[in-house]
There are 2 protein chains.
Amino acid sequence: MATGRTHRPATRSRGIPEATVARLPLYLRALTALSERSVPTVSSEELAAAAGVNSAKLRKDFSYLGSYGTRGVGYDVEYLVYQISRELGLTQDWPVVIVGIGNLGAALANYGGFASRGFRVAALIDADPAMAGKPVAGIPVQHTDDLEKIIKDNGVSIGVIATPAGAAQPVCDRLVAAGVTSILNFAPTVLSVPDGVDVRKVDLSIELQILAFHEQRKAGEETAAGDGALPAAAPRGAAAGDADQGPDGDVPAVMPA
Amino acid sequence: MATGRTHRPATRSRGIPEATVARLPLYLRALTALSERSVPTVSSEELAAAAGVNSAKLRKDFSYLGSYGTRGVGYDVEYLVYQISRELGLTQDWPVVIVGIGNLGAALANYGGFASRGFRVAALIDADPAMAGKPVAGIPVQHTDDLEKIIKDNGVSIGVIATPAGAAQPVCDRLVAAGVTSILNFAPTVLSVPDGVDVRKVDLSIELQILAFHEQRKAGEETAAGDGALPAAAPRGAAAGDADQGPDGDVPAVMPA
DNA sequence: ATGTCTTTGTGAACGCGTGCACAAAGATGG
DNA sequence: CCATCTTTGTGCACGCGTTCACAAAGACAT
C-alpha cells in the first residue's frame with residue numbers, strides 16, 4: 001500500500017489488528033455505497049468483492065468487532081456502517097490543521113472528502129507572511145507564529161504536514177508540543193516523534209519508485225536476460241551529479257514556493 | 001502509510017521481498033543526502049537511523065541486492081546509490097501521464113520530485129474540453145479522447161489517476177488497454193485490473209480514518225472505560241442520513257470540479 | 001416442527017517479515 | 001605477520017497476517 005506507516009510497531013489497540021483497522025475504511029466506503037442504493041443486507045462474498053479483498057479475511061476482520069452478521073443472510077448494511085463508523089471514531093468531529101499551504105496544501109484544503117467523514121479543517125497554517133489572511137478554500141491562512149495558539153484554541157489532535165522536507169521536523173515538533181498526537185506527513189522525510197504520537201506517511205516519490213521497480217522487472221523478463229553484469233565500479237551517472245536542482249528529498253509532495 | 005497496495009499479493013520479483021522494495025526508496029533518499037554532503041561511507045547503524053529503520057533489517061535488505069558492504073567499514077555511499085537506483089529502475093527515463101487535472105492533478109503536475117528521479121511528465125489528460133490546451137505546470141492539457149494515442153506515441157507504461165471516483169475505473173481500463181502496466185491511483189475506488197498490471201493506491205481519507213481510530217483509542221484510554229455498551233439497535237446517526245452531499249467515495253483525493 | 005440450504009464465524013496451518021545474536025570478514029595498528 | 005577491533009552478513013526463532021476448510025447457526029419452505 002502506498003501508505004507507509006512510521007514507527008509504532010503495532011499497538012494492537014484493543015485486540016483489533018492493525019491490518020484490520022487499515023481495511024475498515026475500505027469496507028465502510030463499500031457499505032456506504034450500498035447504503036445509498038438502499039441495499040438492506042450484503043453477504044461477505046459480495047462485500048469482499050466490492051472492497052477487493054478475500055471474503056474469509058473480511059469475515060475475520062468483522063469478527064474482531066463482534067458478531068454483526070446473520071448466518072444464512074449476511075450483514076445488515078446500515079448497522080454495519082454504524083458499527084464501523086463508531087469503531088473508527090467517525091461519529092465524532094475531528095478538527096484538523098494543515099500546515100504548509102503550497103500546491104499540495106491548497107489541494108488538500110479543497111478536498112471534499114474531509115467534511116463528509118467527520119474531519120473538519122479547523123485552520124490552514126503557512127510560514128509565508130504573504131499568505132497570511134489570504135483565503136484558501138474559503139479558509140483564511142494563518143501564520144506559523146500562531147501555530148500553538150491555533151492548536152490549543154481548537155482542540156486539534158490531528159495535524160497534516162504539507163511543507164517542504166526541511167521544515168517538516170520543526171513543524172512536527174511544534175505540533176506535538178502543542179498537543180497534536182496524530183500526524184499525516186506528506187513531506188519526504190522521516191519524522192521522529194515521541195511515543196504515543198502516531199505518524200502516517202504519504203510519499204508520491206516512493207510510490208512511483210516502487211512501480212518503476214516492478215515495471216523494470218516486467219520489461220526485463222520479456223527482453224530475456226538483460227542486466228546481470230554488475231559494473232565493477234559505479235559507472236557514474238546517479239548520485240551527486242544529477243541533482244540538477246532540489247535534492248529531491250527537499251521538496252514536499254508538491255512544492256509550495 | 002498512505003500507500004495502500006491493491007491486489008498483487010507479492011510477486012516476489014527476483015527474490016527481493018516486497019517489503020524490502022518498499023524500503024529501498026527510503027534508503028536511497030538518505031544516501032542521496034549523504035552523497036550531497038560528500039560523505040564517503042556509512043555504517044548500517046547510521047544509515048538505518050537516518051531512514052528510521054532497524055539496522056539488522058537494513059543489512060538484510062541490502063543482502064538481497066548482494067554484498068555491497070565492507071566489514072569493519074560500512075557501505076560506500078556513491079556505489080550504493082548507484083546500485084539501488086539501478087535495482088529500482090531509476091537509471092532510465094519513465095514517461096508518466098497524469099489523468100484528471102483538477103486540484104490534485106495540477107498539484108502533482110507541479111511536483112518537483114518527478115524529474116529528479118527519472119520520472120518525466122509526458123502528458124496531462126483531462127475530460128473537460130475547456131481544459132484542453134490550457135497549460136498546467138508548463139504542459140498543455142490534452143483531451144481524454146486522445147488518451148490511447150498519447151500513451152502509445154510516448155511509450156508510457158506508468159499512469160497516474162487523479163480523477164473523480166466515478167471516472168477512475170473507465171480511465172483505468174483505457175490506460176491498460178493502451179499499454180499501461182503500472183497505475184498510481186488517487187481516486188477513492190478499488191480498481192480492478194488484469195494480471196500483470198500493478199496498482200498502488202494513495203487515499204487521504206483512509207489515512208485520516210486510521211489516525212482517527214488510534215486517536216479515539218488514546219482518548220478512550222484516558223477517560224477510563226468509556227463505551228463498552230454497544231447499543232442493541234443502531235442509534236441512528238450515521239449511514240444514509242449524514243450523506244449531506246458527495247457520497248464521499250465520489251470525489252478523488254481532491255475534487256477537480 | 002422438521003429438513004434443507006445458505007452463510008457466518010473460527011480453528012489450524014502456512015508463509016512472510018522482523019529482530020536478536022553471533023560468527024565471519026576485513027581493516028588497522030603495532 | 002599477528003592481534004584487536006569494528007561492522008557486515010545471516011541463522012534462527014517468534015509473531016502477525018492470510019487463507020483454507022468446516023462446523024455451527026439460523027432463515028426459509030414444506
Side-chain angles (χ1 to χ4, degrees), chain A residues 1 3-24 26-27 31 39-77 79-80 83 210, chain B residues 1 3-24 26-27 31 34 39-77 79-80 83-84 210:
Chain A
M1 73 198 71
T3 295
R5 79 179 63 95
T6 316
H7 227 226
R8 195 115 307 244
T11 316
R12 211 54 185 304
S13 310
R14 204 255 315 307
I16 301 183
E18 191 59 28
T20 295
V21 173
R23 278 188 295 269
L24 290 182
L26 228 52
Y27 302 145
L31 284 165
V39 177
T41 62
V42 65
S43 70
S44 64
E45 202 70 47
E46 293 169 315
L47 187 54
V53 302
N54 183 296
S55 68
K57 193 189 297 187
L58 178 143
R59 286 196 299 275
K60 182 149 289 188
D61 282 342
F62 286 173
S63 78
Y64 291 116
L65 309 184
S67 290
Y68 297 146
T70 306
R71 301 179 186 224
V73 177
Y75 299 91
D76 183 283
V77 173
Y79 189 56
L80 204 45
Q83 290 299 343
I210 294 172
Chain B
M1 156 182 5
T3 293
R5 83 176 61 94
T6 317
H7 227 224
R8 196 114 308 241
T11 317
R12 211 52 182 308
S13 309
R14 202 256 314 308
I16 302 182
E18 191 60 28
T20 295
V21 173
R23 278 188 296 268
L24 290 181
L26 228 51
Y27 301 145
L31 285 165
L34 291 173
V39 177
T41 61
V42 64
S43 71
S44 64
E45 203 70 48
E46 294 168 315
L47 187 53
V53 302
N54 183 293
S55 69
K57 193 189 298 188
L58 178 143
R59 287 197 300 275
K60 185 152 291 189
D61 282 342
F62 285 173
S63 78
Y64 291 116
L65 308 183
S67 291
Y68 297 147
T70 305
R71 298 177 188 227
V73 177
Y75 299 89
D76 181 283
V77 173
Y79 189 56
L80 205 44
Q83 291 299 343
I84 294 179
I210 295 172

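To find a chain, count down the sequence lines: A is the first, B the second, and so on, and within it residues start at 1. These numbers come from a predicted model, not from an experiment.
Among B/Tyr75, B/Tyr79, B/Tyr27, B/Phe62, the one residue that satisfies the ring pair (Phe, Tyr, Trp, His ring centres under 6.0 Å) test with B/Tyr68 is B/Tyr79.
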What are the atom names and distances for every N/O pair under 3.5 Å that joins the protein to nucleotides 9-11 of chain C?
{"unit_1": "C/dG9", "atom_1": "OP1", "unit_2": "A/Gly69", "atom_2": "N", "d": "3.1"}
{"unit_1": "C/dG9", "atom_1": "OP2", "unit_2": "A/Tyr75", "atom_2": "OH", "d": "2.7"}
{"unit_1": "C/dG9", "atom_1": "O4'", "unit_2": "A/Arg71", "atom_2": "NH2", "d": "2.9"}
{"unit_1": "C/dG9", "atom_1": "N7", "unit_2": "A/Arg59", "atom_2": "NE", "d": "2.8"}
{"unit_1": "C/dG9", "atom_1": "O6", "unit_2": "A/Arg59", "atom_2": "NH2", "d": "3.2"}
{"unit_1": "C/dG11", "atom_1": "O6", "unit_2": "A/Lys60", "atom_2": "NZ", "d": "3.2"}

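Put simply, B/Asn54 has no side-chain N or O that comes within less than 4.0 Å of OP1 or OP2 on C/dG17. In this model, the phosphate group of D/dT8 is approached by a side-chain N or O of B/Ser44 to a distance below 4.0 Å at OP1 or OP2.
At distances below 3.5 Å, at least one donor-acceptor pair connects side-chain atoms of B/Ser43 with backbone N or O atoms of B/Glu46.
Side chains of B/Asp61 and B/Thr20: a donor-acceptor N/O pair is present below 3.5 angstrom, by distance only.
Nucleotide C/dT7 holds its C1' atom 15 Å from the CG atom of A/Asp76, rounded to whole Å. In this structure, the NZ atom of B/Lys57 is 17 Å from the C1' atom of D/dC12, given to the nearest Å. Straight-line distance from the CG atom of A/Leu58 to the P atom of D/dC20: 14 Å, rounded to whole Å. Regarding B/Leu47, its CG atom lies at a distance of 12 Å from the P atom of D/dG9, rounded to whole Å. We find that CD of B/Glu45 is positioned 10 Å from P of C/dC20, with the value rounded to whole Å. Residue B/Leu65 contributes atom CG, which lies 15 Å from atom P of D/dT8 at whole-angstrom precision.
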